[in-house]
Amino acid sequence: MHNLVIDIGNTNSKLAVFNNRKLVEYQTLKQVTAEALISLIKQYKVSNSTISSVAIEFEDIIGVLKENTNYIEFSTRINTGIKNHYKTLSTLGLDRWAKIIAAHYYYPKRNCFIIDAGTCITYDLLDSDDAYFGGSISLGLHMRFEALHHFTRRLPLVKWDRGETEIPAGEDTPTAIKSGVLQGVINEVEGFISHKNKENKDLTVLMTGGDAAFLLKQLKNSIFAPQIIHDPYLVLKGLNEVIAFEYVQKD
């Protein structure tokens, strides 16, 4: 049984095809088109689909999925056995909830601290008793560079490439901005991990998102490094679990 799952984010969209729980196709696109979806559906004979989107209006894409697959509407009210204590389900991001669902299945009975370093940086904890109380949302790396430029009169907009691994000393204004933003994010992430590690026994840190690889390189010498798992497909895995769960419910 092949499932097509789609995660539409602020910057890019991710598509994946799973054969049950085996990932057989992965794509990153700037824009999802009907042609791309139909091609994947035909190529893999997709049976089921679901979607997570930070935007509201994607009726054309949903229409293609409904017409060509068994479409499952994903919402925060779909629960695979998690004790969800979040007070405003209607404002909980679908991508955040998908990651919690993935952690619940793939890392069971662990204290999982999920860090998603994307457009925003989100921090969420699913404890070993399957309880979720929420988390934190912070500015992503690129958003910090843009904010420094936007809210000041003279600071330039500094471009940063994810492939850059060195943090500059800050010998001029552009490198001072890079140093402040990059080191600031690293300190933030380390601080969150340290705090959660003190509160939760045997913490497992799951990192995902476009800037996760950069942060992992910076954290490799950290005392937390042995406990950090890089899982770039966490949202997609969670969406696939939604499909699996819905089928179990029907049976």
Side-chain angles (χ1 to χ4, degrees), residues 7 9-12 54 86 88 91-93 95-100 102-103 107 110-127 132-152 155-235:
D7 173 30
N10 290 296
T11 306
N12 294 311
V54 296
Y86 205 79
T88 54
T91 63
L92 175 59
D95 57 336
R96 289 176 70 194
W97 186 232
K99 284 172 282 193
I100 295 297
Y107 307 94
R110 298 196 207 181
N111 289 313
C112 290
F113 188 45
I114 304 164
I115 302 174
D116 188 340
T119 303
C120 295
I121 303 176
T122 58
Y123 304 88
D124 291 285
L125 180 75
L126 177 70
D127 69 22
Y132 173 64
F133 292 91
S136 303
I137 303 173
S138 181
L139 296 173
L141 278 163
H142 290 281
M143 200 180 293
R144 297 181 194 219
F145 285 115
E146 291 173 2
L148 280 172
H149 172 64
H150 179 76
F151 291 105
T152 61
L155 291 181
L157 177 59
V158 175
K159 299 294 184 181
W160 173 72
D161 190 306
R162 287 171 176 166
E164 299 178 39
T165 58
E166 297 297 322
I167 299 176
E171 297 172 337
D172 54 30
T173 299
T175 58
I177 291 173
K178 276 191 180 182
S179 176
V181 169
L182 298 177
Q183 190 62 55
V185 168
I186 293 163
N187 292 348
E188 176 183 297
V189 171
E190 287 183 333
F192 268 103
I193 293 174
S194 177
H195 177 68
K196 294 301 179 183
N197 197 48
K198 290 176 182 177
E199 290 185 339
N200 301 275
K201 184 180 179 182
D202 299 324
L203 189 71
T204 297
V205 179
L206 306 176
M207 292 199 70
T208 192
D211 292 329
F214 166 77
L215 291 174
L216 282 165
K217 289 178 182 177
Q218 306 305 317
L219 296 169
K220 64 182 178 182
N221 295 321
S222 167
I223 61 172
F224 309 110
Q227 299 166 305
I228 298 178
I229 299 171
H230 185 204
D231 195 334
Y233 309 115
L234 205 59
V235 174

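In what follows, every heavy atom counts, from backbone to side chain, and hydrogens, waters and symmetry copies are set aside. Being a predicted model, the structure only gives us computed values, none of them experimental.
Listed for the Q183 side chain is no donor-acceptor partner under 3.5 Å among the backbone atoms of P168. The main-chain N or O of E171 is found under 3.5 Å from a side-chain atom of T175 such that the two form a donor-acceptor pair. A donor-acceptor pair is defined here as one N or O able to donate and one able to accept, closer than 3.5 Å; such a pair exists between the side chain of T208 and the backbone of D231.
Taken from CG in L141 to CH2 in W160, the straight-line distance is 5.0 Å, to the nearest 0.5 Å. Separation of atoms CG (L148) and OG1 (T173) is listed at 11.5 Å; rounding is to 0.5 Å. If you take CG on N187 and OG on S194, they are separated by 11.5 Å, rounding to the nearest 0.5 Å. Note that CD1 of I167 and CD1 of I186 are 3.0 Å apart. Values are rounded to the nearest 0.5 Å. Here OH of Y107 is found 12.5 Å from CG of L126. Values are rounded to the nearest 0.5 Å. Note that CE of M207 and CD1 of I114 are 12.0 Å apart. Values are rounded to the nearest 0.5 Å.
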Would you give me the side-chain donor-acceptor pairs under 3.5 Å for residues 198-205, sequence neighbours excluded?
unit_1: E199; atom_1: OE2; unit_2: H195; atom_2: NE2; d: 3.2
unit_1: N200; atom_1: ND2; unit_2: K196; atom_2: O; d: 2.9

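Taking all atoms of both residues into account, the shortest heavy-atom contact from G209 to D116 is CA-OD1, 3.3 Å. Nearest heavy atoms, K178 versus F145: CA-CE2, 3.9 Å. Heavy-atom minimum distance, E190 versus L219: CG-CD2, 3.3 Å. The two residues I137 and C120 come nearest to each other via the heavy atoms CG2-CB, 4.2 Å. Of all non-hydrogen atoms in H230 and A212, the two that sit nearest each other are NE2-CB, 3.8 Å.
Side-chain contact check for D127 versus F133: some heavy-atom pair is nearer than 4.5 Å. L182 places none of its side-chain heavy atoms less than 4.5 Å from the side chain of E164. Contact check for Y86 versus I100: no side-chain heavy atoms found under the 4.5 Å cut-off. Counting only heavy atoms from C-beta outward, the side chains of Y233 and V235 never approach each other to under 4.5 Å. Counting heavy atoms from C-beta outward, D211 and H142 have side chains that approach closer than 4.5 Å. Residues S138 and V185 have side chains not in contact (no heavy-atom distance under 4.5 Å, counting atoms from C-beta outward). V158 places none of its side-chain heavy atoms less than 4.5 Å from the side chain of V181.
Not counting sequence neighbours, the partners of R144 by the salt bridge (charged side-chain N to carboxylate O under 4.0 Å, His left out) test are E188.
Using bins of under 30°, 30° to 60° and over 60° for the plane-to-plane angle, the ring pair Y123/F113 lands in the parallel bin.
For the pair D124 and K99, the salt-bridge criterion is not met [side-chain N within less than 4.0 Å of a carboxylate O].
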